[in-house]
2 protein chains.
Amino acid sequence: MRRMTARPANAHQARLLKLLRDGGPNSRAQLGDQVDLSRSKLAVEVDRLLETGLVVADGLAASRGGRRSHNIRLAPGLRFLGVDIGATSVDVAVTNAELEILGHLNQPMDVREGPVAVFEQVLSMAAKLRASGLAEGFDGAGIGVPGPVRFPEGVPVAPPIMPGWDGFPVREALSQELGCPVMVDNDVNLMAMGEMHAGVARSVGDFLCVKIGTGIGCGIVAGGDVHRGTTGSAGDIGHIQAVPGGRPCACGNRGCLEAHFSGAALARDATEAAQQGRSVELATRLEANGALTAVDVAAAAAAGDATALDLIREGGDRVGQVIAGLVSFFNPGLVVIGGGVTGLGHTLLAAIRTQVYRQSLPLATGNLPIVLGELGPTAGVIGAARLISDHLFSPA
Amino acid sequence: MRRMTARPANAHQARLLKLLRDGGPNSRAQLGDQVDLSRSKLAVEVDRLLETGLVVADGLAASRGGRRSHNIRLAPGLRFLGVDIGATSVDVAVTNAELEILGHLNQPMDVREGPVAVFEQVLSMAAKLRASGLAEGFDGAGIGVPGPVRFPEGVPVAPPIMPGWDGFPVREALSQELGCPVMVDNDVNLMAMGEMHAGVARSVGDFLCVKIGTGIGCGIVAGGDVHRGTTGSAGDIGHIQAVPGGRPCACGNRGCLEAHFSGAALARDATEAAQQGRSVELATRLEANGALTAVDVAAAAAAGDATALDLIREGGDRVGQVIAGLVSFFNPGLVVIGGGVTGLGHTLLAAIRTQVYRQSLPLATGNLPIVLGELGPTAGVIGAARLISDHLFSPA
DNA sequence: CGGCTTTGTCCTGTGAGTGGAGAAAGTTGG
DNA sequence: CCAACTTTCTCCACTCACAGGACAAAGCCG
């Protein structure tokens with residue numbers, strides 16, 4: 001099957017496509033209310049979009065007291081692939097043009113196995129989704145990787161936790177394999193885009209999205225756009241000094257945030273606590289599973305284990321301290337906490353809030369919500385789909 | 001005399017005005033090379049601008065092998081007023097439309113005397129500049145204040161060091177007094193705009209501009225635009241925690257950057273060192289002047305005084321540590337250091353650089369210049385002039 | 001003085017966009 | 001069942017933005 005070949009011919013068409021993506025099916029009249037174009041001009045552009053096949057008119061809406069309107073919607077056959085490569089697992093999802101998830105697969109996998117192995121995995125997951133009848137092919141794909149990316153080229157640069165990926169032409173390679181356009185970004189940025197599209201950050205222009213998983217990163221959205229920085233490493237807050245003279249970090253410094261709190265650090269601390277007999281709850285789990293993860297700590301905390309709660313609180317204090325600084329600096333309108341540790345829930349959130357509200361200036365925190373992400377593990381893949389749709393729904 | 005009444009009628013005209021402002025006089029042909037318009041369309045827009053009087057054609061340029069071109073330039077009579085209100089002094093300058101400083105006055109003054117007293121001072125300085133024949137009137141004024149500003153309204157909000165200004169309608173009041181349009185911003189943002197216009201940050205899209213004076217602030221430029229944050233307090237880094245459990249700060253917390261290093265903190269530390277007999281150089285100056293300022297410390301350091309050098313180095317370490325975090329977070333392409341302490345020069349800069357290059361990730365610092373501002377005390381007033389010219393050179 | 005170059009103007013054709021008239025397709029009330 | 005009113009959508013004529021080529025003006029050089 002031939003996939004989406006057309007692109008919007010001008011800014012008006014691009015605008016209309018994005019309205020239909022974000023707002024769902026609309027009548028011509030409703031679209032007209034949103035785009036500040038005359039009805040005639042609007043009709044012309046809609047007709048052209050219909051000709052290209054990017055949008056279709058299917059059926060009539062219920063009357064609102066007059067002539068019934070035609071439903072204009074994005075072509076129902078459009079399919080985007082969203083890929084979120086984490087440090088320890090891969091998420092792949094298919095969405096329609098409205099970025100609704102039609103199918104979602106998750107697979108544990110170590111990113112350090114390198115691009116070739118991971119690609120094989122991703123492609124087989126994509127094939128499985130296609131085979132299940134959700135898509136006959138993909139019109140575009142977005143992919144997030146856990147490290148800095150030279151965005152225009154779609155190439156990871158100097159990624160600390162995935163050294164084998166340095167300079168690997170992710171965009172080009174995946175585009176070749178899938179036969180469709182591909183865009184690549186940092187996984188944290190995609191999480192931010194996901195929450196902006198369909199999560200807690202809808203209609204917030206400036207916000208921070210802190211992702212705490214194996215490592216720690218921060219998506220920065222300024223004026224509705226993702227800020228990627230000069231070399232694509234913006235948001236890399238894992239190595240900000242949180243504890244002067246603190247623990248040694250893999251990066252060579254001491255006291256980095258990531259060394260004191262992250263999924264990996266938490267697992268290590270919990271294991272240590274279990275081995276030292278400071279927590280029966282954790283020790284039991286360690287014996288049962290052979291190793292501890294953030295999930296175990298969350299479960300122990302939920303069961304009321306004091307040591308687990310302390311670990312979470314202490315970690316939250318560290319992250320909160322760093323976030324407090326970022327809030328003073330950036331003055332966001334919202335802070336979203338997400339990533340693997342979301343399961344730590346309110347204990348973590350409370351610690352972070354305490355630090356931020358105490359340390360940042362009242363003017364910056366006065367009306368600042370600090371909340372958990374709404375989309376969980378789907379934020380990344382939705383953000384990935386949004387990334388490629390933003391690209392395809394822009395004039396060529 | 002009637003001042004500038006016209007505004008550009010469309011985006012093309014706005015573009016042309018800004019080209020003429022930033023690039024000086026140009027021929028129609030040269031303009032055509034920069035704007036991607038047909039020569040005919042360009043001629044039409046230039047003619048319309050000539051009609052409005054915003055630009056004039058004066059004289060012919062030298063031939064470059066063919067017909068000589070007309071010089072198109074911004075109206076030579078246009079005058080902007082740039083005002084930079086610091087914590088302890090006021091700068092007022094007149095510029096032409098190209099933002100070149102024609103006259104500049106500086107006056108010590110305590111901002112805490114309140115808006116009425118400061119306004120009186122500013123107006124009298126403006127009158128003096130006008131009386132000296134540099135301007136018959138002002139076509140617009142930009143003004144910077146040392147605190148957060150609700151930008152669209154031009155009103156300071158909850159400014160810590162100038163409590164009497166909270167909610168004072170600076171924009172409206174000054175506009176009334178001067179009889180011209182006025183824009184208000186944070187002084188640090190204006191310094192950043194100044195360095196972007198005519199200083200070290202020309203043609204850098206993402207950079208940070210750290211101003212160390214009585215307090216500490218940071219101008220944030222992302223994608224060529226100043227980031228002001230949700231409540232206008234972005235860049236307020238003075239109260240980021242630099243030393244856990246450190247000195248008490250006026251804000252109620254401990255260890256704030258500003259408490260450990262700023263013009264005020266440095267003066268206090270130097271006085272203490274002098275009184276404790278740790279530095280002959282500083283003690284001599286204290287006796288001579290009755291009080292010490294950053295300038296004294298700079299002079300002592302220049303004379304080789306070890307205590308003064310230590311103070312500067314220690315302060316630079318603190319600031320450098322905070323900046324290192326911001327660099328990791330924001331990934332700028334340039335860091336500019338400015339403000340009153342610029343006199344501390346290379347000792348300070350070296351300390352900052354050491355910290356940043358050591359603590360931030362190589363990818364973010366690999367090609368990151370950290371330099372002193374180029375414009376010194378004129379950065380603020382040039383930025384102020386640029387602010388209002390950006391406003392006036394945009395379609396109404 | 002005649003070719004060549006550069007700058008600036010004029011003119012015409014094309015296409016984008018507006019706004020009004022009115023057709024199409026409903027609902028509601030008598 | 002029909003008239004009056006609403007909402008949606010289409011058609012058409014007119015205006016204006018803009019490009020691109022032809023051409024005039026004004027300089028250079030040999």
Side-chain angles (χ1 to χ4, degrees), chain A residues 6-20 23-74 394-396, chain B residues 6-20 23-74 394-396:
Chain A
R7 290 277 287 275
N10 57 42
H12 296 314
Q13 295 184 13
R15 180 84 202 284
L16 291 171
L17 290 174
K18 287 177 186 171
L19 281 174
L20 291 171
N26 260 291
S27 69
R28 287 177 173 83
Q30 286 173 309
L31 289 173
D33 293 341
Q34 303 174 69
V35 294
D36 196 39
L37 275 180
S38 67
R39 286 190 313 263
S40 12
K41 177 60 179 165
L42 178 83
V44 170
E45 297 299 350
V46 170
D47 285 346
R48 287 182 190 164
L49 283 173
L50 286 169
E51 272 174 41
T52 66
L54 281 173
V55 308
V56 298
D58 67 335
L60 297 170
S63 166
R64 301 193 310 151
R67 174 174 171 177
R68 293 166 65 190
S69 60
H70 293 269
N71 265 330
I72 308 291
R73 62 164 36 150
L74 290 167
S394 297
Chain B
R7 290 277 287 277
N10 57 43
H12 295 315
Q13 294 184 15
R15 179 85 203 284
L16 291 171
L17 290 174
K18 288 177 187 172
L19 280 174
L20 290 170
N26 260 290
S27 69
R28 286 178 174 82
Q30 286 173 309
L31 289 173
D33 293 341
Q34 303 174 68
V35 294
D36 196 41
L37 277 179
S38 67
R39 285 193 315 252
S40 21
K41 177 60 179 166
L42 178 82
V44 170
E45 297 299 349
V46 170
D47 286 346
R48 287 183 189 161
L49 284 173
L50 287 169
E51 272 175 42
T52 66
L54 281 172
V55 308
V56 298
D58 68 336
L60 298 170
S63 166
R64 302 191 311 151
R67 174 175 172 177
R68 293 167 66 190
S69 60
H70 294 267
N71 265 332
I72 308 292
R73 63 165 35 151
L74 290 168
S394 297

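Letters A, B, ... are given to chains in the order of the sequence lines, protein chains preceding strands, and every chain is numbered from 1.
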Whole-Å distance between [N] [atom2] and [X] [atom1]?
| X | N | atom1 | atom2 | result |
| --- | --- | --- | --- | --- |
| A:D47 | C:dA16 | CG | C1' | 15 Å |
| B:N10 | D:dC18 | CG | P | 7 Å |
| A:E45 | C:dG15 | CD | C1' | 12 Å |

So do the side chains of [X] and [Y] get within less than 4.5 Å of each other, counting heavy atoms only?
| X | Y | value |
| --- | --- | --- |
| B:R15 | B:L37 | no |
| B:H12 | B:L49 | no |
| B:L60 | B:R67 | no |

State, to 0.1 Å, how close [X] and [Y] come at their nearest heavy-atom pair, and which atoms those are.
| X | Y | answer |
| --- | --- | --- |
| A:A396 | A:R7 | CA-NH2, 3.9 Å |
| A:A57 | A:L50 | N-CD2, 3.6 Å |
| B:L74 | B:V55 | CD2-CG1, 4.0 Å |
| B:S394 | B:A14 | CA-CB, 4.2 Å |
| A:P25 | A:N71 | CB-OD1, 4.3 Å |

Within residues 34-44 of chain B: residues closer than 4.0 Å to DNA chain C (heavy atoms):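 The stretch gives B:R39, B:S40 as the residues lying under 4.0 Å from the strand, ordered by number.
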
List, one per line, each side-chain donor-acceptor pair under 3.5 Å for residues 38-46 of chain B, sequence neighbours excluded.
residue	atom	partner	partner atom	Å
B:S38	OG	B:S40	OG	3.3
B:S38	OG	B:K41	N	3.2
B:K41	NZ	B:E45	OE2	2.6
B:E45	OE1	B:N10	ND2	3.3
B:E45	OE1	B:Q13	NE2	2.8
B:E45	OE2	B:N10	ND2	3.2

Partners passing side chain to side chain donor-acceptor pair (under 3.5 Å) against A:R73 (at least two apart in sequence or in another chain):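 Once residues adjacent in sequence are excluded, the partners of A:R73 under the side chain to side chain donor-acceptor pair (under 3.5 Å) criterion are A:D58.
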
Contacts of type side chain to side chain donor-acceptor pair (under 3.5 Å), residue A:T52, not counting sequence neighbours: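 Listed in chain order: nothing, the list is empty.
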
Under 4.0 angstrom between B:H12 side-chain N/O and D:dC18 OP1 or OP2: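 Yes, because at least one side-chain N or O of B:H12 sits under 4.0 Å from OP1 or OP2 of D:dC18.
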
Consecutive Watson-Crick or G-U pairs in runs of at least 3, all under 3.5 Å, in which DNA chain C is involved: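 Listed by first number, the stems are C:1-30 with D:1-30.
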
Output one line per pair: protein atom, nucleotide atom from nucleotides 26-30 of chain D, and distance, for all N/O pairs under 3.5 Å.
residue	atom	partner	partner atom	Å
D:dA26	N3	B:R67	N	3.4

Nearest-neighbour nucleotide for the A:R28 side chain, D:dT10, D:dA17, C:dG8 considered: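 Selected nucleotide (nearest to the side chain): D:dT10.
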
